[in-house]
**Q** 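For reference, the structure I am asking about is given below.
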Number of protein chains: 2
Amino acid sequence: MSLVVQKYGGSSVADAEGIKRVAKRIVEAKRNGHQVVAVVSAMGDTTDELIDLAEQVSPIPAGRELDMLLTAGERISMALLAMAIKNLGHEAQSFTGSQAGVITDSVHNKARIIDVTPGRLRASLEEGNIAIVAGFQGVSQDSKDITTLGRGGSDTTAVALAAALDADVCEIYTDVDGVFTADPRVVKKAKKIDWISFEDMLELAASGSKVLLHRCVEYARRYNIPIHVRSSFSGLPGTWVSNEPQGDQQVEHAIISGVAHDVSEAKVTVVGVPDKPGEAAHIFRAVAEAEINIDMIVQNVSAASTGLTDISFTLPKAEGKKATAALEKIKATVGYESLRYDDQIAKISLVGAGMKTNPGVTAQFFEALSDAGVNIELISTSEIRISVVTRADDVNEAVRAVHTSFGLDSDSDEAVVYGGTGR
Amino acid sequence: MSLVVQKYGGSSVADAEGIKRVAKRIVEAKRNGHQVVAVVSAMGDTTDELIDLAEQVSPIPAGRELDMLLTAGERISMALLAMAIKNLGHEAQSFTGSQAGVITDSVHNKARIIDVTPGRLRASLEEGNIAIVAGFQGVSQDSKDITTLGRGGSDTTAVALAAALDADVCEIYTDVDGVFTADPRVVKKAKKIDWISFEDMLELAASGSKVLLHRCVEYARRYNIPIHVRSSFSGLPGTWVSNEPQGDQQVEHAIISGVAHDVSEAKVTVVGVPDKPGEAAHIFRAVAEAEINIDMIVQNVSAASTGLTDISFTLPKAEGKKATAALEKIKATVGYESLRYDDQIAKISLVGAGMKTNPGVTAQFFEALSDAGVNIELISTSEIRISVVTRADDVNEAVRAVHTSFGLDSDSDEAVVYGGTGR
């Protein structure tokens, strides 16, 4: 008998109807002979509503208490889901993160899973029950306090349970049909991807694709748990994310997996930095100490005449103020001239392991952008990804141009041939 | 340093403003030098809303899952309350029933507390924290499942914690100023009672007074925990419930504590029961096996000519159908003639330990009803209570007439003198 871990997001269980629909889907998997563990998020906007309540009683809600508060959300959805399943004539039991054995560190609001002890789940499954588990939550190893894993944490819960229970697959049910070659809201001709490697999925997630979070994919890769991302509405096969495609998974052996874009970042430029050893380190230590996650970093060649250089980096807009404040403090010690802050940028990324062995991808990428009249401000690359920063206004056009250029549009079945002009 | 357990009901924490007001009240007690444990119910109508959701997904929600669902309510209010207190500059930690050590049996939806192990609460108090505890919930000893104590269970949680922590007082905050000599919505001149004995309070609770539940008062009496019922809005002293009045508690040494009424019951009459041994036992065994709680029982003297008698009893309206169905089943074996079901009744009760030593109370009670033109259908008495059943339409007039007759109206300071005509 195989074991399936399924995860249903908030939009799938937004109301009583949604819960009943999800219950049917779970029961279907059980009827097909699987043991089923279903991880569930809070209903619809519950989490946002609870955060709003918290802010009404306290401008900066205490972390321990905020976690206690937010975990009420999944408690509601999981209990309702268990009831709905029992109403269909199958046995189900709901478990909090703590009861399911999700052990975390003590960092409230963004705890990390450090162990999973699924003894109660196993016992419940052995008794023939469907186990419903609250996503997003755990219990801290040291203080036995309730913790949450941060936004998107339910996906991580599902993958972690799948790993601990040695499940055959982790199915992530969501409100889209899978992972697409680009955001379908921007590119109408975007295609659903049938199979994608962990590596490409990690790059897409890091580049703005929102279907799966980076942390969740990382976890799945570490424990080699195949993920199947699919719609809880249509029931169609979705996107498989794994090391290797399985038997009947359609793989197009595409060179490029997809185009991702991200408009949530801003660009900080430190202008006129003396070009001597230790200056960049000084700047990024200040940013790191302010606990800011930066993304791309670019340093221009310094002008020989002045001995000064500019250093640019991108970071989440939400952390812009904190970063500029941290940099203002070290202005005198570093001796830079000024700071520029720009939040009207977009990042466009092309992802695909195929680019490692296909020279010319970079050139084609830049040509496509150039033909569309899109100006490039920053460039960064990894082995299987090229990212550029452009004006925010250009983002939709840029994504569409690149998508078409690489033959990803859904009405085109042709393979893309790259020239040998070097990458 | 004294230890105070406070309990705040759902109407006191119905919204963010209510939570902030309650937080201030708790901090005030802490500033006055007390260790404080605050037990809190779910916000406003949360519990009803959750039950409504449950009924949308399942006509008969499973007990275990319903408890899991409902306990989300207190989780929300307790976390918000702890945040609000921390925002006032005091340390607070919230605890679920399970974390607070409220151990129950496994009867979901109406579990009974069988032990309290408040180790985590004690440690938190010793560290200087205010402890916020979810009312109404616990964890089952055998299966470690989440349980709820049934409606009004938060009061019981508070009293049980007060007993386990050896608290000096258990303060029950509510939306009224205390226990009154009658329901102030019916009797405008009803007076707040400053002190009342556990015994009289138990009789009032059993007779329809809704301020404190019978189970909670029983628990307080068993462990001798003084209860102070008071308003979370006005902050005025309320009603003390204890074995003996304390130093400055005003006691009026009244013969009568109050008049209670109850319109939630119905009357079943089994007509034409053969008057021979075992028939009544047969009837009430059938009712008991249907798990119906009956209240008053009256059997008339049988008519010599027929050898038949009528047996009447009262029970909660909600259980009327179940009871008549159970009785229909035994109609042939018992051989009674017919069943009558009447849900247009009211019960009016006069409560006071003073009636033990004051003959004439019963006569005065009946005279007051008779003067008001109220017809009596059933009578039952205990040592410190007389109850009658009347038509539901007569209830308000009956309560007011009795209240006035016994000098309980608030503008009357005269003691009531009883004649020596025997009770």
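Naming convention: chains lettered A, B, ... in sequence-line order (proteins, then strands); numbering from 1 in each chain.
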**Q** Checking heavy atoms, do the side chain of L53(A), its backbone, both or neither come under 4.5 Å from chain B?
**A** both
**Q** Do you know which of D15(A), N87(A), T96(A) has the most heavy-atom pairs with chain B at a distance under 4.5 angstrom?
**A** N87(A)
**Q** Look at atom NZ of K110(B) and say whether more than 12 heavy atoms of other residues, nucleotides or ligands are closer to it than 6.0 Å.
**A** no
**Q** Is chain B contacted by the side chain of S143(A), its backbone, both, or neither, given a heavy-atom distance below 4.5 Å?
**A** backbone
**Q** So if I take each residue of residues 56-75 of chain B and look for any heavy atom under 4.5 Å from a heavy atom in chain A, which residues do I end up with?
**A** Q56(B), V57(B), S58(B), P59(B), P61(B), A62(B), R64(B), E65(B), L66(B), M68(B), L69(B), T71(B), A72(B), R75(B)
**Q** Can you tell me which of K86(B), E17(B), K20(B) forms the most heavy-atom pairs within a distance under 4.5 Å of chain A?
**A** K20(B)
**Q** Answer yes or no: does atom CZ of R112(B) have more than 12 heavy-atom neighbours from other residues, nucleotides or ligands under 6.0 Å?
**A** no
**Q** Identify every side-chain donor-acceptor pair in residues 35-50 of chain B under 3.5 Å, counting partners at least two apart or on other chains, and give the distances.
**A**
unit_1 : atom_1 : unit_2  : atom_2 : d
S41(B) : OG     : S154(B) : OG     : 3.1
T46(B) : OG1    : M43(B)  : O      : 2.4
D48(B) : OD1    : R151(B) : NH2    : 2.8

**Q** I need the residue from S77(B), A82(B), A23(B) with the largest number of non-hydrogen atom pairs under 4.5 Å to chain A.
**A** A82(B)
**Q** Holding to salt bridge (charged side-chain N to carboxylate O under 4.0 Å, His left out), I want the full list of residues that pass it with K30(A), two or more places apart in sequence or in another chain.
**A** none
**Q** Between D145(A), I146(A), L80(A), which shows the greatest number of heavy-atom pairs under 4.5 Å with chain B?
**A** L80(A)
**Q** Using non-hydrogen atoms only, which part of A92(A) is less than 4.5 Å away from chain B: side chain, backbone, both, or neither?
**A** backbone
**Q** Please tabulate, for side-chain N and O atoms in residues 3-10 of chain A, each donor-acceptor pair with protein atoms closer than 3.5 Å (sequence neighbours left out).
**A**
unit_1 : atom_1 : unit_2  : atom_2 : d
Q6(A)  : OE1    : Y8(A)   : OH     : 2.7
Q6(A)  : NE2    : E171(A) : OE1    : 3.0
K7(A)  : NZ     : D155(A) : OD1    : 2.8

